[in-house]
*Asks:* 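Once you've had a glance at the structure underneath, I'll fire off some questions.
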Amino acid sequence: MRLYIVDAFTSEAFAGNSAGVVLLDSPGDAGWMQSVAAELKHAETAFVEVGGEGPKPLRWFTPETEVDLCGHATLATTHVLGGKQTFTTRSGELRCGTEDGWVSMDFPSDPPRESDDDLSAILPGVEFEYVGRSHQNLFAVVDDASVVRSLTPDLAALRAHWTGRLMVTAPGDVDGADFITRFFAPGVGIDEDPVTGSAHCALAPYWAARLGRDELVGEQASARGGIVRMRLEGDRVLLSGQAVTVASGELHV
């Protein structure tokens with residue numbers, strides 16, 4: 001089995017979000033895939049079946065659990081395979097493609113809904129403009145990018161709250177970025193995710209409504225950092241980013 005390590009949502013190695021990509025000739029056992037993901041220790045490892053005809057089955061695993069949707073590992077998988085790809089996943093059929101060094105992904109929109117979640121134990125002293133929930137993530141808005149950059153959440157408190165996953169966003173403070181985000185997910189074994197494509201399925205409709213336009217650029221301000229382009233089209237979000245393959249080899253187990 002071929003194994004690739006790809007940095008996604010970046011044009012430079014050792015930035016963006018690193019993903020494992022495993023090419024399968026036939027369906028893999030879920031327990032085995034979880035063990036491989038735990039061994040690789042990337043935020044997500046993608047397993048894609050390439051042995052058949054038609055849409056390719058694709059699954060994603062963190063070091064601790066399988067997830068319903070992962071943007072950066074899908075981007076990494078499309079980068080490895082090249083061309084136009086259609087994947088069957090737990091989030092439905094996903095269409096992706098590569099062009100001029102960019103990977104585009106057609107994902108379902110996931111607009112947040114206002115909620116009464118109390119985040120004071122997770123982020124003491126932080127004042128929120130808005131708190132809500134997307135499909136599986138807490139969603140919080142603050143008024144200044146500097147607040148997002150300086151966040152130090154109580155990860156134990158977050159892990160114990162609902163799904164243990166939280167994105168915090170604010171208007172952007174650098175040229176070319178409409179908004180800034182950080183994403184924390186100890187509930188699935190990721191203290192802070194470097195760049196989270198699936199989170200932008202919620203960020204895109206929120207910021208599109210707030211800013212009054214459908215094309216956006218988001219900065220995810222983790223230590224590695226990354227840029228996500230978005231275009232909202234009805235109930236779909238077209239995400240795009242770049243990627244770099246940093247290693248390839250064979251999986252022997």
Side-chain angles (χ1 to χ4, degrees), residues 5-10 12-21 34 37-38 40-46 59-77 79 89-91 103 105 107 110 112 119 122-123 133-142 145 148-159 161-170 177 179-204 206 217-230 237 239-244 246:
I5 306 301
V6 178
D7 289 342
F9 291 115
T10 179
E12 300 178 356
F14 315 124
N17 201 353
S18 185
V21 178
Q34 186 63 74
L40 293 178
K41 296 183 174 62
H42 294 284
E44 314 277 351
T45 297
R59 297 171 72 173
W60 311 276
F61 289 78
T62 78
E64 291 190 4
T65 190
E66 185 173 9
V67 296
D68 290 339
L69 183 65
C70 178
H72 86 276
T74 303
L75 190 155
T77 303
H79 170 76
T89 77
R90 287 169 61 161
S91 290
V103 176
M105 303 178 290
F107 276 19
D110 186 20
L119 305 183
I122 298 168
L123 290 166
R133 292 183 175 190
S134 61
H135 176 57
Q136 289 189 316
N137 303 316
L138 294 163
F139 185 104
V141 182
V142 297
V148 177
R149 295 188 187 279
S150 63
L151 291 174
T152 54
D154 184 325
L155 295 174
L158 175 54
R159 178 184 277 271
H161 192 106
W162 192 38
T163 61
R165 295 186 276 190
L166 167 68
M167 68 186 87
V168 184
T169 185
F179 61 85
I180 181 176
T181 305
R182 290 174 68 193
F183 186 87
F184 308 94
V188 291
I190 306 165
D191 288 349
E192 180 171 4
D193 198 32
V195 191
T196 316
S198 60
H200 290 76
C201 295
L203 291 159
Y206 174 85
V217 178
E219 175 199 6
Q220 192 152 337
S222 64
R224 290 171 65 102
I227 297 295
V228 183
R229 293 180 179 176
M230 293 146 278
V237 178
L239 304 175
S240 61
Q242 296 172 290
V244 179
V246 297

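Values below: all heavy atoms of this structure, side chains included; hydrogens, waters and symmetry mates excluded.
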*Asks:* Could you tell me the separation between the CG atom of L75 and the CD atom of Q242, rounded to the nearest 0.5 Å?
*Replies:*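 Between atom CG of L75 and atom CD of Q242 there are 9.5 Å.
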*Asks:* Any donor and acceptor pair, going by atom type alone, linking the side chain of S222 with main-chain N or O of P194 inside 3.5 Å?
*Replies:*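 Confirmed, S222 side chain pairs with P194 backbone.
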*Asks:* Using the test side chain to side chain contact (heavy atoms under 4.5 Å, CB included), find all partners of D191 that sit at least two apart in sequence or belong to another chain.
*Replies:*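 For D191 the side chain to side chain contact (heavy atoms under 4.5 Å, CB included) partners, ignoring immediate neighbours, are L155, P186.
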*Asks:* Is a side-chain N or O of R159 found less than 3.5 angstrom from the main chain of G164, in a donor-acceptor match?
*Replies:*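 Not confirmed, R159 side chain does not pair with G164 backbone.
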*Asks:* Between E219 and R149, does at least one N-O distance fall below 4.0 Å, as a salt bridge requires?
*Replies:*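 Yes, E219 and R149 are salt-bridged.
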*Asks:* Do Q220 and V195 touch side chain to side chain, with heavy atoms closer than 4.5 Å?
*Replies:*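 In contact.
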*Asks:* Within the distance-only criterion (no hydrogens, no angle test), does the side chain of R165 pair as donor or acceptor with the backbone N or O of A185 below 3.5 angstrom?
*Replies:*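 No: the side chain of R165 does not pair with the backbone of A185.
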*Asks:* What residues, two or more places apart in sequence or in another chain, satisfy side chain to side chain contact (heavy atoms under 4.5 Å, CB included) together with T89?
*Replies:*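 Side chain to side chain contact (heavy atoms under 4.5 Å, CB included) check on T89 returns L58, W60, F87, S91, L94.
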*Asks:* Does some side-chain heavy atom of V21 sit less than 4.5 Å from a side-chain heavy atom of I5?
*Replies:*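 Answer no - side chains too far apart.
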*Asks:* Is there side-chain contact between I190 and T62, with heavy atoms separated by less than 4.5 Å?
*Replies:*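 Heavy-atom side-chain distance check passes, below 4.5 Å.
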*Asks:* Are V237 and H200 packed together at the side-chain level, in the sense that at least one heavy-atom pair is separated by less than 4.5 angstrom?
*Replies:*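 Contact flag for V237/H200 side chains = no.
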*Asks:* Which atom pair, heavy atoms only, marks the closest approach of I180 to A145?
*Replies:*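 Of all heavy-atom pairs spanning I180 and A145, the closest is CG2-CB, 3.7 Å.
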*Asks:* Between F9 and T196, is there a side-chain heavy-atom distance shorter than 4.5 Å?
*Replies:*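 T196 does not reach F9 side chain to side chain.
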*Asks:* Salt bridge (charged side-chain N to carboxylate O under 4.0 Å, His left out) for R182 and D193? Distances and angles first, verdict last.
*Replies:* CA-CA 8 Å; R182 290 174 68 193; D193 198 32; over 6 Å; no
*Asks:* Please identify each residue that fulfils ring pair (Phe, Tyr, Trp, His ring centres under 6.0 Å) with F61, with sequence neighbours left out.
*Replies:*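 Partners of F61 under the ring pair (Phe, Tyr, Trp, His ring centres under 6.0 Å) test: F47.
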*Asks:* Kindly give the heavy-atom pair with the smallest separation between A43 and H72, and that separation in Å.
*Replies:*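 Shortest heavy-atom contact: CB-CE1, 4.1 Å.
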*Asks:* Side-chain contact, heavy-atom cut-off 4.5 Å: L166 with I122?
*Replies:*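 Yes, at least one pair of side-chain atoms sits under 4.5 Å.
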*Asks:* Looking at every heavy atom in both W162 and S134, which two are closest together, and how far apart are they?
*Replies:*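 Here W162 and S134 meet closest at CH2-O, 3.6 Å.
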*Asks:* Between atom CD of E66 and atom CD of Q34, what is the distance when rounded to the nearest 0.5 Å?
*Replies:*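 So the CD of E66 and the CD of Q34 are separated by 8.0 Å.
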*Asks:* Using 0.5 Å steps for rounding, measure from the OG1 atom of T10 to the CD atom of E12.
*Replies:*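 T10 OG1 to E12 CD: 5.5 Å, rounded to 0.5 Å.
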*Asks:* Determine whether V142 and V168 satisfy the following criterion, side-chain contact (heavy atoms from CB on, under 4.5 Å), listing intermediate values before the conclusion.
*Replies:* CA-CA 7 Å; V142 297; V168 184; 4.2 Å; yes
*Asks:* Would you give the length of the straight line joining atom SG of C70 to atom CG of N17, rounded to the nearest 0.5 angstrom?
*Replies:*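 Reported value, rounded in 0.5 Å steps: 7.0 Å.
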*Asks:* Counting C-beta onward and ignoring hydrogens, is there a side-chain heavy-atom pair between E44 and V67 closer than 4.5 Å?
*Replies:*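 Answer yes - side chains close enough.
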*Asks:* How long is the gap from NE2 on H135 to OG on S198, to the nearest 0.5 Å?
*Replies:*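 With rounding to 0.5 Å, NE2 (H135) is 10.5 Å from OG (S198).
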*Asks:* Show the numbers, then the answer: is there a side-chain contact (heavy atoms from CB on, under 4.5 Å) between V244 and V6?
*Replies:* CA-CA 6 Å; V244 179; V6 178; 5.9 Å; no
*Asks:* Quick one: closest heavy-atom pair of V217 and M230, and the distance?
*Replies:*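 Between these two residues, the closest heavy atoms are C-CE, 3.7 Å.
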*Asks:* So, for A19 and A73, which heavy atoms are closest and what is the spacing to 0.1 Å?
*Replies:*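 It is CB-CA, 3.9 Å.
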*Asks:* How long is the span from the CG atom in D110 to the CG atom in L69, to the nearest 0.5 Å?
*Replies:*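 Between D110 CG and L69 CG, I get 8.5 Å after rounding to 0.5 Å.
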*Asks:* Is there side-chain contact between L138 and H161, with at least one heavy-atom pair below 4.5 Å?
*Replies:*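 Yes; the side chains approach each other to less than 4.5 Å.
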*Asks:* What pair of heavy atoms forms the shortest contact from G71 to F107, and how long is it?
*Replies:*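 Smallest heavy-atom distance, with atoms named: CA-CE2, 3.6 Å.
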